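Let me begin by presenting the structure, written as structure tokens, before commenting on it.
Being a predicted model, the structure only gives us computed values, none of them experimental.
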Amino acid sequence: MRTSLHRYGLPHGWHGTVCRLRKTVDSFCRPRYGRCTCTDSQRGAIITTSNRGRQRPITRPIFHHTTFTTLKLDEMVAFYENVAGLEPVYYGENAAWLTNDAANHRIALLALPGLKAPDDKGHTAGLHHTAFEYRSFEQWIDNYDRLAAQGIEPFLNLDHGMTMSMYYQDPEGNGVEIQVDAFGDWAKSKEFMWASEEFDKNPIGVHFDPARISAARQEGLSFEEIHARATAGEYLPAVIPEVYLPEFW
């Protein structure tokens, strides 16, 4: 496996990752130079206590990246850079790793041999979209205006109550959400989802026309006013789209 994976640009630490996945308990595994350094006793160790509060890790890992296989590597790299500012950290002939922050990568793209085009992607169980968030409404709507000037429009737009979100499709047909937090505070938006009757009654949200949102901003309305009007249904599009991913292939 190591030889074939390295052939397609995967990092040399990949063998250690595969090694970790083979272990029932991997907390001791510290692969170095592509080899697992666990002792035999460590590999078989299963730590048990009478503590009933071990249903989840006490130290929680942070979500780091998503990986897509692709038949359109170059188009995908260009799309994610244009739509969400992800730049290649490593860009090979058969793979690319992209980031738009301090992490080494947030999106990985693997152009593996023998891939097949999906069949009825929008109605097949699996990943619907990844999401990226702007810190301010102005940044968010400016990005929409920039992309719209290039002819790139979202296929779905929803005010979820805690966020306003536009959904694009990448060249493989995967959804990409570009959002702004309506509260400007994750603790408050989380509380809204957890406690509000509004979200409970309509967790999907209210559709809106992004061009009308942009026009409202140009007229001088504040984010708070626009958000309130959007949730009241004042910016509905002429045609309400389905939430399914549109068929791309």
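- Partners of H227 under the side chain to side chain donor-acceptor pair (under 3.5 Å) rule, at least two apart in sequence or in another chain, are D159.
- S189 and M162 get closest at one heavy-atom pair: CB-CB, 3.7 Å.
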Decide side-chain contact (heavy atoms from CB on, under 4.5 Å) for E153 and Y144; before the verdict, give the C-alpha distance in whole Å, the side-chain angles of both, and the deciding distance to 0.1 Å. CA-CA 8 Å; E153 293 280 353; Y144 163 75; 3.3 Å; yes
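- Side-chain contact check for L147 versus V83: some heavy-atom pair is nearer than 4.5 Å.
- When all heavy atoms are compared, the tightest approach of L112 to T69 is CD1-CG2, 4.0 Å.
- Surrounding CD of E197 are at most 12 heavy atoms belonging to other residues, nucleotides or ligands under 6.0 Å away.
- At least one side-chain heavy atom of E247 sits under 4.5 Å from a side-chain heavy atom of D120.
- Contact between G233 and V206 at its shortest, heavy atoms only, is CA-CG1, 4.0 Å.
- When the shell of 6.0 Å around CD of E93 is examined, it contains 12 or fewer heavy atoms from other residues, nucleotides or ligands.
- With sequence neighbours left out, the side chain to side chain contact (heavy atoms under 4.5 Å, CB included) criterion links P171 to K72, E75, M76, F79.
- If you run ring-ring contact (aromatic ring centres under 6.0 Å, His included) between F223 and each of W140, F137, Y134, only F137 comes through.
- Counting only heavy atoms from C-beta outward, the side chains of I213 and I141 approach each other to under 4.5 Å.
- T130 is not listed as a side-chain neighbour of D170, based on a closest heavy-atom distance of 4.5 Å or more.
- With a 4.5 Å cut-off on side-chain heavy atoms, Q139 and V180 do not count as touching.
- Counting only heavy atoms from C-beta outward, the side chains of L245 and L156 never approach each other to under 4.5 Å.
- The line from CD1 of I226 to OG1 of T231 is 12.0 Å long, rounded to the nearest 0.5 Å.
- Pairs passing the salt bridge (charged side-chain N to carboxylate O under 4.0 Å, His left out) check and including a residue from residues 103-116, sequence neighbours excluded, read D101-R106.
- For Y244, there are no side chain to side chain donor-acceptor pair (under 3.5 Å) partners two or more places apart in sequence or in a different chain.
- Remark: R146 engages N82, N143 in a side chain to side chain donor-acceptor pair (under 3.5 Å) (not counting sequence neighbours).
- Atom CZ of residue R217 and atom CG of residue D145 lie 6.0 Å apart, to the nearest 0.5 angstrom.
- Distance alone, capped at 3.5 Å, is enough to place a donor-acceptor pair between the R212 side chain and the E234 backbone.
- Partners of P88 under the side chain to side chain contact (heavy atoms under 4.5 Å, CB included) rule, at least two apart in sequence or in another chain, are V77, E81, Y91, L98.
- In this view, Y235 satisfies the ring pair (Phe, Tyr, Trp, His ring centres under 6.0 Å) rule with no residue, not counting sequence neighbours.
- Applying the side chain to side chain donor-acceptor pair (under 3.5 Å) test to E177 and every residue at least two apart in sequence or in another chain returns H129, S165, Y167.
- Between the side chain of S196 and the main chain of M193, no donor-acceptor pair closer than 3.5 Å is present.
- Between L110 and W97 the shortest side-chain heavy-atom distance falls below 4.5 Å.
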Name every donor-acceptor pair, under 3.5 Å, that has one atom in a side chain of residues 57-65 and the other anywhere in the protein, sequence neighbours excluded.
unit_1: H64; atom_1: ND1; unit_2: H105; atom_2: O; d: 3.4
unit_1: H65; atom_1: ND1; unit_2: H105; atom_2: NE2; d: 3.3
unit_1: H65; atom_1: NE2; unit_2: H105; atom_2: NE2; d: 3.4

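- What you find for G184 and D181 is that their closest heavy atoms are N-OD1, 3.0 Å.
- Annotation: side chain of W186 is in contact with side chain of E133 (closest heavy-atom distance under 4.5 Å).
- Transitive grouping of hydrophobic side chains (ILVMFWY, heavy atoms separated by less than 4.5 Å) keeps F155 and F208 in distinct clusters.
- Annotation: the span from T67 atom OG1 to L109 atom CG amounts to 8.0 Å, rounded to 0.5 Å.
- Applying the ring pair (Phe, Tyr, Trp, His ring centres under 6.0 Å) test to F192 and every residue at least two apart in sequence or in another chain returns F183.
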Using the side-chain contact (heavy atoms from CB on, under 4.5 Å) rule, take H207 and L158 through it: C-alpha gap first, then chi angles, then the decisive distance, then the call. CA-CA 5 Å; H207 294 266; L158 289 165; 3.7 Å; yes
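- In this structure, L127 is a member of the same hydrophobic cluster as F132, with clusters built from ILVMFWY side-chain heavy atoms closer than 4.5 Å.
- Shown here for A84 and N100, the closest heavy-atom pair between the two residues is O-ND2, 3.0 Å.
- Closest approach of H160 to P203, counting heavy atoms only: ND1-O, 4.0 Å.
- Partners of D185 by salt bridge (charged side-chain N to carboxylate O under 4.0 Å, His left out), not counting sequence neighbours: none found.
- In the hydrophobic clustering, W194 connects to no other residue, as no ILVMFWY side-chain heavy atoms lie under 4.5 Å from its own.
- I152 and M166 end up in the same hydrophobic cluster when Ile, Leu, Val, Met, Phe, Trp and Tyr side chains are linked at under 4.5 Å.
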